[in-house]
Amino acid sequence: SRRSWIEDTFCKRECAGIGICLSFASIPLTPRCCCGRLVGEHTLLETGPSMSSWPGPGTGQQEEWSVECHTQTSATDAYGTIDFQDSAGRNCHAKYVRVAVDAKAEALLQLMRSEWQMERPKLLLTVHGGTENFPLPLKVRQAFSKGLITAAQSTGAWILTDGINTGVSRYVGEAVKKYGTHDLRKRNAVGVTPWGVIDNHSDLIGRDVLRPYQPLGNPLSKRVCLNGLHSHFLLVDDGTLGKHGCQLGLRRKLERHIQLQKIHPRLNQGVPVVCVVVEGGPDIVSMVLEYVSSVPPMPVFVFEGSGRAADLLAFLHKQTAIDRCGEDFLLRIGGMFGLERADASQLYNLLMECMDYRQSVSNVTVDRVPGHRLSTKTSPGEQLSTALAWDRADIAKKHILVYGQHWQVGSLEQAMLDALVMDRVGFVKLLIDNGMTMNRFLTVSRLEELYNTQQGPTDNFLHLLVEDVKQTHIPKGYRVSLIDVGQVIEYLIGGAYRSTYTRKHFRAHYNLLYAHCKETGRDSSGPLNKKRRADCTLHPHQSPNSSPSRPPFFRTAQPYKRKQQSSELGDSPLFVYNFNDLFVWAVLQRRQQMALFLWQHGEEAMARATVACKLYRAMAYEFQQSNMDDTTAEQLKTYSMDFGQLAVDVLDRAFRQNERMAMKLLTSEMEAWSHFTCLQMAVSSRLRPFVSHSCTQMLLTDLWTGRLNMRKNSWFKIILSILMPPAILLLEFKSQAEMSHVPQSQEALQFGWDTGRPEAAQEGGHTVVKVPKCTPYTSLPECQSFQFLRLYDFYTAPVVKFWFHTMSYLAFLMLFSYTVLVKMEDRPSTQEWLVIAYIISTAVEKTREVFMSVPRKPSQKLKVWFGEYWNVTDFLAIVLFLVGLGLRWDSGSYRTAGRITYCLDIIFWYVRVLDLLAVNQHAGAYLTMITKMTSNMFYIVVMMAIVLLSFGVSRKAILSPDEALSWSLLRDVVNQPYWMMFGEVYAGEIDTCAGDTPCVPGAFLTPFLQAVYLFFQYIIMVNILIAFFNNIYFDMKSISNKLWKYNRYRYIMTYQEKPWLPPPLIILSHMTLCVTAIYRKHRGLSEQERDSCGLKLYLGQEDLKRLHEFEERCLMSYFHEKNQDVLCSQINRVRATAERAEEMGVVMGEVSDRVHFIQDTLQVLDSQLGQLQDLSALAVDTLTLLSASDSLQQEEARLGHCRPITPSRHHVPHSWTLPHGGGGSVDIMPCHTPRAYRSTPPSLLWAMERNNLMRLAHTIPFTPVSTMVGEEVSVYSLEEVEVAGPESSISSWSSQGLSAVLQPLSSEGCLDGGLRRATLVLCTWAERDVLRVGCVYVVKAIQPDVVRTWQRVFHSDTPLQLCLREIQQQRAAQKLMHVFNQVKPENMPHSPRFLDMSLLHWHSDGQWLTIERNMTGDFRKYNNNTGEEIAPCCGMEETLLAFSHWTYQYSCRELLVLDLQGVGSELTDPSVIRAEDKRYSDDMVFGPSNLGDAAIHSFVIKHTCNSCCENLGLTHDTTSKQTHANIQPYLF
């Protein structure tokens, strides 16, 4: 049993307490074992030595504790099901078992597959990471959760975790809860957890039990709880308590064993194992190294942004030159894990070893969650098999079946076979789209293998059908052959259908194919074993001596050489319509989706739909007859209706496009389907909507009228022409073109009206029969022949046959009525002889119908013939008449019996008139209702008969106690009770004791019994029957017209096949048929010609080709319209709306994060604004210093506090100029070159700068541009003008703007900042290359709220004033960076630079903007304008932070460049902080982001010098950390 197997297989481990190592706590009375338990807690010590015998500290008797030596095993005592109690809205159950640490992986896998019923893993996702709780960013969490569960569900993967309710396992549980399924068998999230670390693990002890578990543990406890969202738990026990890590070895062993399992029974590939890393400590790095260095290497997915080890691995994986960040990276490792340098170096070496297997590591970011990646070291065939097992055709299409891929011979054919067996519709479609052709793929052995597959919903139903066909029991393991399949198809379709697999030519090929195989063991109809099937492979369209040719798939590496057969098999192919054979296989195997896909390929789609409808209907009937699953039978009926609807839809589409071509599709002969027509197959399938379609009814009308062209009073014209044959020549007939779509009988073909045989004349691809122009009085031989054809066309029309036979039948009824009504003479009268002749000739006609029917075997002929109701009545009427005729010749009493037999027999002949009325549309509908009522009233009549007999027998027994046995006794039992149902209550006989009649004992009971009987029978049962008939009437009234249209086919076919002469003259037609049959037999009729008999449309090759092309166009049009309906359906709209809502939810989450960030920033700004009041005193001191700058003594005093930079070491130009509004300049001197300050006071320079900006704002000219694609703009640039040599220059504005045309690309809010709004534009034209055509630029506008704030300072042209100062600010930072790159030492390799910025005027709205080149890449910010900076992790970041420090010291504490941001070494949007600038004042030079002294103060406090600051000789003065009141501008 399951319980005994688990206990016999799995064990637990407990500390034995012998030879243990004791470590004493501060209290010597509580010694603790190395297993983690107190000595007193050992259960084995209860009978062991006393506490006084345990060695104390320092006794020297300690021994190293180990699991092997100090634990013992016993049968596991904890397994069953856990009921997690933490969720009221979700029922969370999980299987669990306690196993020893050395348990076998084979037994664990058997437990999971067999006992726990877990599905076969197709992928193993082992998730590793931090075990403690850690925060995971929202985007990373969403990417991890959705990606993990999507991968698991789309591939059928197992997920392995630690199973605890902390760390990464908790995030896996949340992912399962949010995106997973509730089905326990499909969740497959397995936790491998140490038994000793589980909180309250004693609650789980029990054998095969259901244990409630509360996963809310004690926060003060060091133990952990199980995660309730996992489906299964392996609780690993090594005898310890509270120690982690014992599960890792068993988990790794289980992963290796699963990797060796087959991904699918048909495939040889093992199960792929993928490691997923989220956060984690140093031990995760060793684990990753073990995964990537294993053979074969296991791919590792690292989620960047999750923290710690994952971020280190992701960072190294992105680096191309790792050696350049070694020292910095060591510091980062030590700071992240709190390790010493030696330990950090060792961990760094492990990381470097991991990067040696870089191809096995994938970096996962929130913006790029990769799909399932297959190992690049496996062959394409193995990759395709893995994707096939996952059922991921998208992976195969994107990564495997790509252009230029080479394939081994036969690999794609095997993939196609596997895809068909595994029911992978997407892969079959993908292989066909990539060149795989079925005519080269399909062979006898492969088709037999498909029929004998054990996968899919077979339920051995095909074997049961084979048993029904063979009428014998087949042994277990019997392999079905194609001949068996053919017999099953014939059995299901029935009638005259003959499968291709049972025909003589196929049997000959089939037997000859395997004749050369030496193995024996089955008959010729049975299949071969695997080896024989591999050797006996016959491809279609190939004779055994044919030369090898290139396979259909163009990417195969070499031509596919087929095996040469040793026998000559002929030139006739086995499979002409390959998709038909596969389609029938899919239908018989009940693979509906595969059948629907194969139905779309190949020819004769409408016929295949009707065949599938018939097969499914017959299979559903067999299921019901076999008392099998009713659900399966209903499912098969649904499949049948689906294909029936497809057939109707295709017919409707064809009829709307071309009526005549659609009618040809109905009656054209289908060679692949036993030479049936589509209409015949639809009638055989009882597909009423198809037969009642307007196209079918129009065709049936043309068949009914034949070549007669009559619209009104047709019955009158026909009867008149029958009575007066010369009137036939006055009737109007249809032309040959009008009858081109109508099939002709064999008789019509013999008379020359062949519309499709090759012998007919062909003109322009159409059959033409030349007809001479004749009148009824013309005597030419051609005209006489034409008149004879007119007579033939008239009398062979089914409607004429109907009226001719009806008139003859009515005359027969009159004669028969006369015969039975008048006195019967000794010898038959003339009228009786005519009746005898009529009935005997009718019997001969019925016999002809039986023998001329399409089925081959006599038993099948009789079964099909007696399947028609009116044939049964005709048979009874004829037999009864022949019996009466035999009795009639006797001269005695038998003659009277014969006459009575005549009287009874005429009832059948009168009832037969109802069949004649069924031809009429109105009468036929009522007859259909009557038939339905008669067939459905059986059970109610039986119940009424039971009630009648119960009353009749008891009544007769009470009233006639002395009755003798006689036939009258039985009559009296039912006689009066029967008439009582119709109102005759026999009132005089109710009270039998009335009058002088003696009263029999118990007679008083009969009135009571009669009252009860009449109540049930007359009031209840009769009214139920009436209500039942009423319900049938209303139900049938709505569909009676369709039913009549469906039955109309039978009426028309009946008279189409009847000889035109009625009985008794029909005997002449029989004689003609006999002569014709003798002639045809003497000529030698082939099997194909015998199959071609019937009402069919015979088309030539060209006509048939055009018909198939027309059907294909209709099919494509149908699917196009259907796809459009699906795309526009309400469900798709809801799905699209849901996806957009999800995207909006993510965007709203990002907006929420920004709002929180802005709130935090506003809090910081509020505190800084409070500090501005304290800085007012410092501002007064600064203004005092500026006013005294004209004095040389004050200048020298100020310069005395500066530490000069040695000129001999770095050559620096004497002065450089900040950009400004006009042609003036602002000179900022290094501290050791004061010449500019001696010549011009700084206050004068700031005034000049302000005046130049205002002058430029009022004097910028405008230049018109030509109209092009985009918006017209004017661009103004700052130009460098030399003033005193090549090393001295000033920046001045261009006197005239240059024109350009810009086309906006986007206006996404993600480009906006706190001060500016940004838009991407494309330059489509530019004057004098002021902008590069085709390049993308960023146009920035000042935020409206900023403009409104500064309008109180700049009352006019506020955006222009602010833009000018922004450009001036960036040019100042640009020049400072230029100097910085010249003076920095060589050991600082990074040379950042600022982008060029220009002024832009947008003509359409008159807006002033700034423009600069767009940067692509990872945009980062290194510090902000409040002095806050990032923690540098590389040389570039340290260089940029040192640059801010350098600008402050280089400008002698006057300027500070902050807000450094950009992509790589390219920077933009800096903030140049100048202490002298006043916020919200027109004296401001460098833009609204200048926070003045507050920013400088914050930078001094928050800046941390790095190695680049040391290389530049910059030092941090400790006096800078004094209080704000004593802060001075000379801190460095």
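The structure presented is a predicted model; accordingly, all values stated were derived computationally and were not measured. Sequential numbering from 1 along the given sequence is applied to the chain's residues.
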Any side-chain donor paired with an acceptor under 3.5 Å for R392 and T155?
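No, no side-chain donor-acceptor contact under 3.5 Å.
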Say whether T161 and H230, considering side chains only, have a donor N or O and an acceptor N or O under 3.5 Å apart.
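There is such a pair between these side chains.
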Would R332 pass as a cation-pi partner of F315, given that its NZ or CZ must be under 6.0 Å from the six-membered ring centre and within 45 degrees of the axis?
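Yes; both conditions hold, so R332 lies above the ring face of F315.
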Report the distance from atom [atom1] of [X] to atom [atom2] of [Y], rounding to the nearest 0.5 Å.
X	Y	atom1	atom2	value
I258	L123	CD1	CG	11.0 Å
R211	I82	CZ	CD1	11.0 Å
Q247	D238	CD	CG	9.5 Å
S231	I159	OG	CD1	8.5 Å
E279	F303	CD	CZ	14.0 Å
T73	K12	OG1	NZ	10.5 Å

For the pair E290 and R251, find out whether any cationic side-chain nitrogen is under 4.0 Å from an anionic carboxylate oxygen.
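No salt bridge links E290 with R251.
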Where [X] and [Y] come nearest, the two heavy atoms and their spacing:
X	Y	value
G334	A344	N-CB, 4.1 Å
K95	T81	NZ-OG1, 3.5 Å
V292	P297	O-CB, 3.3 Å
A157	N188	O-CB, 3.8 Å
T386	P272	CG2-CG, 3.8 Å
Y96	A78	CE1-C, 3.7 Å

V190/M118 under side-chain contact (heavy atoms from CB on, under 4.5 Å): CA gap, chis, key distance, verdict:
CA-CA 11 Å; V190 183; M118 295 178 67; 3.7 Å; yes
Under the side chain to side chain donor-acceptor pair (under 3.5 Å) rule, what do Y291 and E255 come out as? Steps first, then yes or no, please.
CA-CA 11 Å; Y291 279 115; E255 292 169 358; 2.8 Å; yes
Say whether, by atom type as modelled, one donor and one acceptor occur between the side chain of [X] and the main chain of [Y] under 3.5 angstrom.
X	Y	answer
W390	K122	yes
T166	T131	yes
N133	G167	yes
W158	E119	yes
R308	G280	yes
R98	Y79	no
T193	D162	yes

Can you check whether [X] reaches [Y] side chain to side chain, under 4.5 Å on heavy atoms?
X	Y	answer
Q214	C225	no
W116	V97	yes
L350	S286	yes
M112	H232	no
L109	Q261	yes
I198	R223	no
L148	Y179	no
W195	V99	no

Surrounding [atom1] of [X] (heavy atoms of other residues, nucleotides or ligands, distance under 6.0 Å), is the total greater than 12?
X	atom1	value
K253	NZ	yes
R341	CZ	no
Q346	CD	no

Under the side-chain contact (heavy atoms from CB on, under 4.5 Å) criterion, do V278 and F144 qualify, and how do the steps go?
CA-CA 9 Å; V278 180; F144 167 72; 3.6 Å; yes
Which residues pass the salt bridge (Lys or Arg N to Asp or Glu O under 4.0 Å) test with E1429, sequence neighbours left out?
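Applying salt bridge (Lys or Arg N to Asp or Glu O under 4.0 Å) to E1429 gives none.
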Mind checking what makes side-chain contact (heavy atoms from CB on, under 4.5 Å) contact with E1437, not counting sequence neighbours?
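Listed in chain order: R1420, Y1422, I1430, P1432, C1433, C1434.
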Using 30° and 60° as the class boundaries, would you call the ring planes of F84 and F233 parallel, tilted or perpendicular?
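Correct class here is tilted.
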Ring-ring centroid check F10 W5, cutoff 6.0 Å:
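Judged by ring-centre distance (under 6.0 Å), F10 and W5 do meet the cut-off.
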Between L248 and M287, is the side-chain contact (heavy atoms from CB on, under 4.5 Å) condition met? List the steps.
CA-CA 10 Å; L248 296 178; M287 189 172 298; 4.0 Å; yes
Could you give me the CA-CA distance, side-chain angles and deciding distance for I333 and L351, then say whether side-chain contact (heavy atoms from CB on, under 4.5 Å) is met?
CA-CA 11 Å; I333 293 175; L351 289 169; 3.8 Å; yes
